[in-house]
Amino acid sequence: MKDAKPFPVLKNDNLLRAARGEVVDRVPVWVMRQAGRYLPEFQELRKLHDFFTVCRTPELACEVTMQPLRRFDLDASIIFSDILVIPQALGLTVEMHAGVGPVLPQPIVVPEDLKRLTPDGALSRLSYVGDAITMMRHKLEGRVPLIGFTGAPWTLMGYMIEGGGSKTMSKAKAWLNEHPEDSKLFLNLLTDAIVDYLEMQVKAGAQMLQVFESSAEHLSKEQFLQWGVPYLKRIRDELVDRLTKKAIPVVPMTLFAKGAGHSLKEQSELGYDVIGLDWTVDPLEARTLVGPNITLQGNLDPQDMYRDPDELRNLTTEMVHKFGKSRYIANLGHGITPQTPITSMEVLVEAVHKAL
Ligand code: 1CP
């Protein structure tokens with residue numbers, strides 16, 4: 001670790017306690033994409049700096065990470081970055097186009113293209129994320145825990161083959177059928193890079209980790225069990241193994257596999273402490289499927305943030321009542337969307353804290 005100064009003592013540890021199944025003072029709440037486009041101060045900063053410049057400059061990444069915490073009484077921060085920094089570190093160009101999202105102009109088209117990837121040295125090309133995490137731990141002054149994150153193998157493979165976001169992930173799904181052995185190679189290469197990356201984040205000061213399998217929604221249950229689950233399991237197992245061998249405390253881990261409500265039982269058997277739910281899943285059914293020893297996170301429909309405040313308050317309260325105070329982290333069922341009124345964040349956070 002570059003910065004040898006000890007980190008400030010954590011004051012609000014409700015997130016970590018919820019993840020471990022301990023008693024909480026209040027239901028912790030944070031929001032996926034809580035730093036981002038719905039905040040005018042983020043928009044202002046983005047006018048001055050390119051997206052990846054913000055990610056790569058620890059002062060800027062910390063400023064953006066801090067922005068939602070200045071406005072809302074949140075129980076967690078999440079380091080500002082993107083899941084596509086791994087494809088970048090593996091040698092692919094990633095551009096962020098306004099109004100479009102990420103664009104990879106030279107995607108992986110055929111198995112031959114895998115040779116273009118540069119796993120050697122990838123971790124050192126991601127050191128700026130560790131620097132931002134370490135700086136953020138100091139800037140937070142122990143106010144709330146800091147979450148680190150990564151994209152999951154299948155989700156990253158999808159972006160790398162499609163060359164950006166896709167409504168269907170059809171090219172990536174065709175790979176699974178047409179090049180199953182190369183798909184395994186690809187997913188294993190990504191899994192190795194992800195384990196290195198998460199270990200680095202923990203060493204840098206991340207107090208919890210979330211794995212985003214956002215593109216699980218494009219896979220059938222059978223495909224998710226074949227192309228998602230084994231790699232998600234390997235990530236958790238190898239990370240725990242490595243940290244344990246180095247006597248580094250293991251941090252709680254969340255798996256958020258969007259659209260994989262069909263496999264909650266299977267997800268609960270992978271060793272993750274927390275399972276993130278999208279809004280299509282019923283809280284009570286999810287609890288029955290995962291059992292009592294897993295924490296659930298979610299799952300308000302991001303669209304509910306556009307309802308009038310009274311409705312939003314009622315829906316939030318109802319959701320928290322269904323999940324209960326034990327082993328629960330309140331969140332949306334996916335990222336907050338750009339046009340969300342800021343007042344909705346205030347209503348959501350207050351309603352969660354007052355519900356129980
Ligand atoms: O111009 C901009 O400012 C771009 C908007 C933006 C932001 C604010 C992008 C582009 N990424 C981010 C930050 C980001 N991305 C965070 C920050 C931390 C936070 O506050 O939560 C995180 C956790 C992510 C993760 C991410 N990026 C995911 C997984 C979560 C999810 O939403 O499913 C995915 C799929 C991406 C890819 C991505 N990056 C950006 C966009 C618009 C997208 C989605 C593109 C698409 O598939 O259509």
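Atoms within a ligand are numbered from 1 in the order they appear, just like the ligands themselves. Predicted model only: the values in this text are computed from it and were never measured.
- Below 4.0 Å from some heavy atom of Gly165 lie the following atoms of ligand 1, by number and element: 46 (C), 47 (O).
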As a quick check of understanding, evaluate salt bridge (charged side-chain N to carboxylate O under 4.0 Å, His left out) for Asp241 and Arg234, giving each step before the final call.
CA-CA 10 Å; Asp241 196 45; Arg234 187 150 88 72; over 6 Å; no
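- Across Gly298 and Met319, no two heavy atoms sit closer than the pair O-SD, 3.7 Å.
- Using a 4.0 Å cut-off to heavy atoms of His334, the atoms of ligand 1 that qualify are 31 (C), 32 (O), 33 (O).
- The heavy-atom pair separating Val31 from Met345 by the smallest distance is CG2-SD, 3.8 Å.
- Here the heavy atom of the protein found nearest to atom 6 (C) of ligand 1 is Phe51 CE1, 3.6 Å.
- Nearest protein heavy-atom contact of atom 39 (N) of ligand 1 is Asp82 OD1, 2.8 Å.
- Between Ile194 and Ala152 the shortest heavy-atom distance is CD1-C, 3.9 Å.
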Test Tyr306 against Thr337 for side chain to side chain donor-acceptor pair (under 3.5 Å), laying out the working first.
CA-CA 10 Å; Tyr306 294 88; Thr337 56; 2.5 Å; yes
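- Counting heavy atoms under 4.0 Å from ligand 1, residue Lys258 does not touch it at all.
- Remark: ligand 1 and Trp30 share no N or O pair separated by less than 3.5 Å (distance only, no angle test).
- Within the structure, the closest approach of Gly335 to ligand 1 does not fall below 4.0 Å when heavy atoms are considered.
- Here the protein heavy atom with the shortest distance to atom 22 (C) of ligand 1 is Phe149 CZ, 3.6 Å.
- Residue contact check for ligand 1: Ser215 places no non-hydrogen atom closer than 4.0 Å to it.
- Of all the heavy atoms of Ala35, the ones lying under 4.0 Å from any atom of ligand 1 are found in both the backbone and the side chain.
- Under the 4.5 Å side-chain heavy-atom criterion for ILVMFWY residues, no single connected hydrophobic cluster contains both Leu315 and Trp279.
- Protein heavy atom at the shortest distance from atom 21 (O) of ligand 1 is Arg33 N, 2.7 Å.
- Between Tyr272 and Phe256, the ring center distance fails the sub-6.0 Å criterion.
- Nearest protein heavy-atom neighbour of atom 25 (C) of ligand 1: Ile83 CG2, 3.7 Å.
- Among protein heavy atoms, the minimum distance from atom 44 (C) of ligand 1 is reached at Tyr159 OH, 3.7 Å.
- The local environment of NZ in Lys246 is crowded, with over 12 non-hydrogen atoms from other residues, nucleotides or ligands closer than 6.0 Å.
- Taking every non-hydrogen atom of Arg37 and a distance limit under 4.0 Å, the qualifying atoms of ligand 1 come out as 5 (C).
- Linking Ile, Leu, Val, Met, Phe, Trp and Tyr residues whenever their side-chain heavy atoms come within less than 4.5 Å leaves Leu185 and Val109 in two separate clusters.
- Remark: distances from the non-hydrogen atoms of Phe256 to ligand 1 are all 4.0 Å or more.
- Close contacts between ligand 1 and Phe212 involve ligand atoms 23 (C), 29 (C), 30 (C) [criterion: under 4.0 Å to a heavy atom].
- Contact annotation: for Ala98 versus ligand 1, there are no heavy atoms closer than 4.0 Å.
- An N or O contact shorter than 3.5 Å links Arg46 to ligand 1 by distance.
- Ligand-side atoms of ligand 1 in range of Ser214: 29 (C), 30 (C), 31 (C), 33 (O), range being under 4.0 angstrom from any heavy atom.
- Protein heavy atom closest to atom 41 (C) of ligand 1, with residue, atom name and distance, is Pro102 CD, 3.6 Å.
- Salt bridge absent: Glu41 and Arg70 never bring a charged side-chain N and a carboxylate O closer than 4.0 Å.
- Proximity to Ser81 (heavy-atom distance under 4.0 Å) selects the following atoms of ligand 1: 13 (C), 14 (C), 15 (N), 16 (C), 17 (C).
- Cluster annotation: Val103 is not connected to Met169 through the hydrophobic network of ILVMFWY side chains, with a link wherever side-chain heavy atoms come within less than 4.5 Å.
- Atoms of ligand 1 lying under 4.0 Å from any heavy atom of Phe42, numbered from 1 in the order shown and given with element: 3 (O), 8 (C).
- Screening Asp304, Leu300, Val347 for a side-chain contact (heavy atoms from CB on, under 4.5 Å) involving Thr316 leaves a single residue, Leu300.
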